[in-house]
Amino acid sequence: MAVIIIVVYFFQTFFISFGGIGADSLSYFGIAADLPHPETNLFPLGYPILLKMVYFLSQDYFWASKILNVLFPVIILSFSYCKKFYFRETVLLLAGKTFYFAFFGAMSEGPFIFFMYFLLYFLHQIFSENKNLYMNAVGASVMMICMFFSRYSGIYIYVAVALFAFLFFFKLKEKRYSKALLLFLVISGLGIGGYLLFNYLHFGSFTGEGLRGKAGDHSFIQLIRNLFGLVNAVDPFIAIKPISSSFGSMVFQAAVFIIDLFIFRYLLQYYKKAKDTSLYYFHILLWIIAIFYGVALLISGWFQQIEEMGVRLMAASNFCLFLSFLILYFQKNVSDKLIWRVSCFFFVFLVLYGLKDPGNYLENKDKIEPQMSKFNNKKYLYNNEKNLVTVTTYYFPLINKSFKYNHTNNQKGKLKESIAGTLNPKIKWIKEDTVRDKSKVLYTSQLKLN
């Protein structure tokens with residue numbers, strides 16, 4: 001199953017229209033293209049640096065992202081197998097929604113989850129071994145710093161570990177690993193603080209806060225949708241992205257919410273058994289990280305413009321909860337047939353769901369690439385074909401019904417934007433057409449995809 005997962009990770013985006021390249025991907029490609037002289041700190045430099053390193057080999061940012069998305073899970077699986085570190089659990093993690101979406105497209109969640117896996121490994125070793133405590137603390141610190149270099153939300157992981165150390169100080173102070181945790185907090189804090197200082201001295205802000213848009217809708221229905229997304233972190237397989245307030249969408253989200261409550265009740269049966277294990281405090285740490293990370297992002301979204309509480313934002317929370325469950329599940333169950341069957345079913349579902357708007361990305365890329373040489377003098381890229389809407393019709397013969405759906409990433413202007421921004425990231429995509437000198441703007445209508 002591990003081999004099948006890796007093959008799917010690599011090939012799937014070839015068969016969807018947008019190739020796994022979104023607006024954030026173009027931003028990361030743009031920062032990578034600007035290195036070693038980045039122009040913004042809106043996003044941290046970790047993922048762009050990795051892209052740039054692989055770009056030297058591939059000379060194409062799309063392929064650079066693909067190579068990274070295969071390397072990350074291959075390294076994780078190889079490490080898990082060689083070190084005998086929960087290999088079955090790791091394979092099932094890779095079949096779940098968080099790892100699937102993290103390694104699906106060109107997103108910073110890929111390196112974030114990759115480094116988080118090794119962070120949890122080193123923290124696990126601190127709680128389970130009597131030797132190499134300080135080496136494991138240093139290793140965990142490096143991973144924590146790398147996570148923050150990948151996504152600023154990594155700071156919530158650090159604060160969650162600090163909160164755990166504070167809440168359980170009196171119970172842990174006599175434990176052998178208390179000093180190792182303190183060393184981790186000190187080294188990680190210095191690394192995170194050093195990067196924030198670099199940002200402030202170089203860009204004039206700590207995390208590009210002046211560049212972020214204001215928080216959007218603060219309505220009651222928006223809060224409910226985000227709460228649905230927060231609770232969905234307990235679900236290992238079913239993902240929701242609360243992007244609509246329509247009646248049909250809210251009914252679906254409410255149905256998933258109810259399912260999530262039953263799933264949490266099931267997981268709770270295993271979480272309660274953690275007290276009888278030698279890794280009780282490690283499980284508590286995982287739960288605190290999951291809860292604090294999710295709540296911190298929910299609050300953060302109230303004050304600044306970030307994505308809604310979907311699978312991307314809840315990746316770290318879901319990872320911790322799923323890992324804790326899997327460890328306890330295999331400790332308490334002799335047979336593993338049920339969990340494997342469920343995981344295989346939902347992995348197939350995720351793959352088929354990802355193919356809901358099929359296309360040939362490489363073919364589209366080959367059509368746009370010869371045209372790009374004419375626009376080397378352009379500085380900005382804008383999608384001026386948003387009004388040209390492509391609707392996909394789905395027909396179900398068994399019930400003789402059909403319905404139409406507007407795939408956001410399958411719109412012609414969006415496809416041109418993602419391909420052009422990948423081929424020449426120096427041309428920065430813009431959300432609004434506010435540039436006064438229009439001669440500096442490459443409009444998607446100037447590109448031909450037929």
Side-chain angles (χ1 to χ4, degrees), residues 24 27-28 31-32 35-36 38 40-51 102 107-126 133-167 169 177-212 285-286 288-301 303-304 306 312-317 319-320:
D24 284 354
S27 297
Y28 287 114
I31 296 172
L35 292 174
T40 177
N41 65 335
L42 182 61
F43 297 100
L45 294 176
Y47 186 42
I49 289 174
L50 292 174
L51 286 168
M107 301 179 290
S108 61
E109 282 78 10
F112 186 77
I113 291 299
F114 172 75
F115 291 126
M116 187 173 182
Y117 180 88
F118 290 98
L119 168 72
L120 296 182
Y121 165 78
F122 285 117
L123 290 175
H124 174 277
Q125 297 306 96
I126 290 174
L133 289 176
Y134 298 117
M135 288 300 297
N136 286 321
V138 172
S141 301
V142 173
M143 293 302 106
M144 183 71 260
I145 295 169
C146 288
M147 287 178 65
F148 185 74
F149 278 26
S150 301
R151 290 184 64 83
Y152 290 132
S153 60
I155 189 68
Y156 300 138
I157 306 289
Y158 174 79
V159 176
V161 178
L163 179 63
F164 166 82
F166 174 77
L167 292 176
F169 174 77
Y177 43 72
S178 58
K179 293 182 180 179
L181 281 178
L182 179 61
L183 179 63
F184 161 78
L185 291 172
V186 170
I187 297 176
S188 300
L190 290 174
I192 292 172
Y195 185 70
L196 290 174
L197 180 61
F198 163 79
N199 269 354
Y200 184 77
L201 295 177
H202 192 77
F203 298 104
S205 64
F206 292 109
T207 60
E209 51 269 18
L211 302 174
R212 300 180 187 277
L285 175 60
L286 291 178
I288 288 178
I289 290 175
I291 295 171
F292 184 86
Y293 187 86
V295 173
L297 281 176
L298 179 67
I299 296 172
S300 177
F303 297 101
Q304 61 178 328
I306 60 174
R312 283 186 64 185
L313 258 65
M314 291 292 97
S317 296
F319 181 9
C320 290

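What you see below is based on every heavy atom in this structure, not just the backbone, and it leaves out hydrogens, waters and symmetry mates. This structure is a prediction, so every number in the text was calculated from the model and none was measured.
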> Can you find a side-chain donor-acceptor pair between Y47 and D24 that sits under 3.5 Å?
Replying inline: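 Result is no, nothing qualifies.
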> Hey, is the main chain of L185 close enough, under 3.5 Å, to the side chain of Y158 for a donor-acceptor pair?
Replying inline: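 Here the side-chain-to-backbone pair exists.
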>> Is it the case that the side chain of S188 and the backbone of F184 share a donor-acceptor pair, with hydrogens and angles ignored and the cut-off at 3.5 Å?
In response: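 Yes, because the side chain of S188 sits within donor-acceptor range (under 3.5 Å) of the backbone of F184.
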Would you say [X] and [Y] make side-chain contact, with heavy atoms under 4.5 Å?
X	Y	answer
V142	I145	no
F149	I49	no
F148	L196	yes
I157	M144	yes
S300	Y156	yes
S27	L42	no
F43	Y152	no
L45	Y195	yes

Which atom names give the shortest non-hydrogen contact between [X] and [Y], and what distance separates them?
X	Y	result
G294	S317	N-OG, 3.4 Å
S150	P44	O-CG, 3.2 Å
I113	A102	CG1-CB, 4.0 Å
S153	Y293	OG-OH, 2.8 Å

In Å and rounded to the nearest 0.5 Å, what is the [atom1] to [atom2] distance from [X] to [Y]?
X	Y	atom1	atom2	answer
I126	M135	CD1	CE	11.5 Å
M107	R151	CE	CZ	9.5 Å
L123	I289	CG	CD1	6.5 Å
I192	I187	CD1	CD1	12.0 Å
S205	N41	OG	CG	4.0 Å
L201	F206	CG	CZ	9.0 Å

>> For the aromatic rings, using the six-membered ring if either is Trp, is the centroid distance between Y117 and Y121 under 6.0 Å?
In response: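 No - the distance between ring centres of Y117 and Y121 does not fall below the 6.0 Å cut-off.
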> Between F319 and L120, does a side-chain contact (heavy atoms from CB on, under 4.5 Å) hold up when you go through it step by step?
Replying inline: CA-CA 10 Å; F319 181 9; L120 296 182; 3.9 Å; yes
> Would H124 and N136 count as a side-chain contact (heavy atoms from CB on, under 4.5 Å) if you check the C-alpha gap in whole Å, the side-chain angles of each, and the deciding distance to 0.1 Å?
Replying inline: CA-CA 9 Å; H124 174 277; N136 286 321; over 6 Å; no
> Are more than 12 heavy atoms from other residues, nucleotides or ligands located less than 6.0 Å from atom CZ of F198?
Replying inline: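 Yes - once you tally the heavy atoms of other residues, nucleotides and ligands closer than 6.0 Å, there are more than 12.
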> Any idea how F114 and F118 line up, ring-wise: parallel (<30°), tilted (30 to 60°), or perpendicular (>60°)?
Replying inline: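 Judged by the thresholds at 30° and 60°, the geometry between F114 and F118 is perpendicular.
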